[in-house]
Amino acid sequence: AMFYEINQKTYFFKGGQYWRFTGGTMDSRYPRSISVWRTVSDIDAALYYGDWNGQPRTYFFKDGQYWRYTQGGSSRDDSGYPRSLSLWRGFPARVDAAFTGTDGSHYVFLENNYWKLAPNRAAVDTSGAYPRSVATDFLGCAKTLIEP
């Protein structure tokens with residue numbers, strides 16, 4: 001799993017460790033233990049959500065659950081986590097990957113499908129019919145198989 005933060009840092013997570021990069025260069029004293037994020041090892045996905053009501057937040061996903069981490073001067077994990085993904089209206093049962101697009105939209109993925117998140121709400125965007133196909137929408141593949 002990985003995410004890119006507004007501070008121009010990219011974070012990569014694998015097993016019980018994480019790495020932080022600035023541009024293409026790993027920052028000194030990395031890798032570090034994922035325990036500093038107060039989440040479990042082997043996360044499935046991470047998403048830097050950005051400001052949510054003025055607070056920069058990162059979400060970690062694993063096995064149908066999520067953890068929220070609020071960043072800033074007193075970075076901390078938020079109490080009451082992990083929570084079930086079922087609390088996010090319209091979400092899949094689990095998440096394989098997540099990212100923020102160049103337009104600031106947030107997406108979660110499960111297998112060959114994706115969901116766009118509603119801004120500043122724990123829900124899927126209702127302006128589109130989700131889930132949608134990664135192959136069709138992101139890769140430009142045809143919706144139907146063309147016979148030779």
Side-chain angles (χ1 to χ4, degrees), residues 1-27 30-32 34 36-72 75 77-78 80-148:
M2 62 86 58
F3 73 86
Y4 176 78
E5 194 176 273
I6 195 85
N7 67 1
Q8 309 298 309
K9 304 288 185 183
T10 303
Y11 296 82
F12 294 91
F13 299 86
K14 183 165 176 61
Q17 296 183 309
Y18 77 100
W19 294 256
R20 187 179 76 188
F21 284 75
T22 303
T25 306
M26 184 170 60
D27 294 344
Y30 286 88
R32 292 184 182 174
I34 197 172
V36 70
W37 293 90
R38 296 172 200 85
T39 188
V40 296
S41 294
D42 296 319
I43 59 174
D44 297 327
L47 177 66
Y48 176 72
Y49 200 93
D51 281 352
W52 182 314
N53 298 325
Q55 305 243 350
R57 292 187 174 159
T58 301
Y59 291 86
F60 298 96
F61 303 95
K62 181 177 174 83
D63 296 335
Q65 295 184 309
Y66 72 97
W67 288 255
R68 185 176 74 193
Y69 187 83
T70 301
Q71 294 150 261
S75 294
D77 61 323
D78 297 332
Y81 291 86
R83 293 182 181 171
S84 171
L85 281 176
S86 65
L87 297 173
W88 289 52
R89 194 180 76 238
F91 247 55
R94 64 180 175 80
V95 173
D96 290 336
F99 85 94
T100 302
T102 56
D103 66 352
S105 296
H106 306 290
Y107 301 89
V108 295
F109 297 79
L110 176 61
E111 297 173 357
N112 299 322
N113 296 307
Y114 77 95
W115 292 255
K116 181 179 178 183
L117 307 186
N120 288 321
R121 287 193 6 244
V124 169
D125 187 340
T126 57
S127 66
Y130 294 97
R132 296 180 62 131
S133 168
V134 171
T136 301
D137 294 355
F138 281 90
L139 304 175
C141 298
K143 289 184 180 183
T144 58
L145 182 64
I146 300 171
E147 295 294 327

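In what follows, every heavy atom counts, from backbone to side chain, and hydrogens, waters and symmetry copies are set aside.
- With hydrogens and angles left out, the side-chain atoms of Tyr81 and Arg83 include a donor and acceptor closer than 3.5 Å.
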Check against side chain to side chain contact (heavy atoms under 4.5 Å, CB included), Asp96 and Leu110 | CA-CA 5 Å; Asp96 290 336; Leu110 176 61; 3.5 Å; yes
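- Separation of atoms CD (Glu111) and OG (Ser133) is listed at 12.5 Å; rounding is to 0.5 Å.
- Tyr18 and Phe13 have parallel rings, their planes meeting at less than 30° on a 0 to 90° scale where 60° marks the start of perpendicular.
- Around atom CG of Asp27, more than 12 heavy atoms belonging to other residues, nucleotides or ligands sit under 6.0 Å away.
- In terms of heavy atoms, Lys9 sits closest to Thr22 at NZ-OG1, 2.6 Å.
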Could you please spell out the steps behind the side chain to side chain contact (heavy atoms under 4.5 Å, CB included) verdict for Leu85 and Val108?
-> CA-CA 12 Å; Leu85 281 176; Val108 295; over 6 Å; no
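- Distance CG/Asp44 to CG/Asp63: 5.5 Å, rounded to 0.5 Å.
- For Tyr48 and Tyr11, the gap between ring centers reaches or exceeds 6.0 Å.
- The CD1 atom of Ile34 lies 4.5 Å from the CD1 atom of Ile43; values are rounded to the nearest 0.5 Å.
- Across Ala45 and Ala98, no two heavy atoms sit closer than the pair CB-N, 3.9 Å.
- In this structure Phe99 satisfies the side chain to side chain contact (heavy atoms under 4.5 Å, CB included) test together with Tyr107, Phe109, Phe138, sequence neighbours excluded.
- In this structure, Arg94 and Gly64 approach most closely via the heavy-atom pair CB-N, 3.8 Å.
- Expressed to the nearest 0.5 Å, how far OH of Tyr130 lies from CH2 of Trp115 amounts to 11.5 Å.
- Interatomic distance, CG of Leu117 versus CG of Asp125, reported as 8.5 Å (0.5 Å rounding).
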Side chain to side chain contact (heavy atoms under 4.5 Å, CB included) between Trp19 and Lys14, worked out = CA-CA 9 Å; Trp19 294 256; Lys14 183 165 176 61; 3.9 Å; yes
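- Atoms CZ and CZ, on Phe61 and Phe91 in that order, are 5.0 Å from each other to the nearest 0.5 Å.
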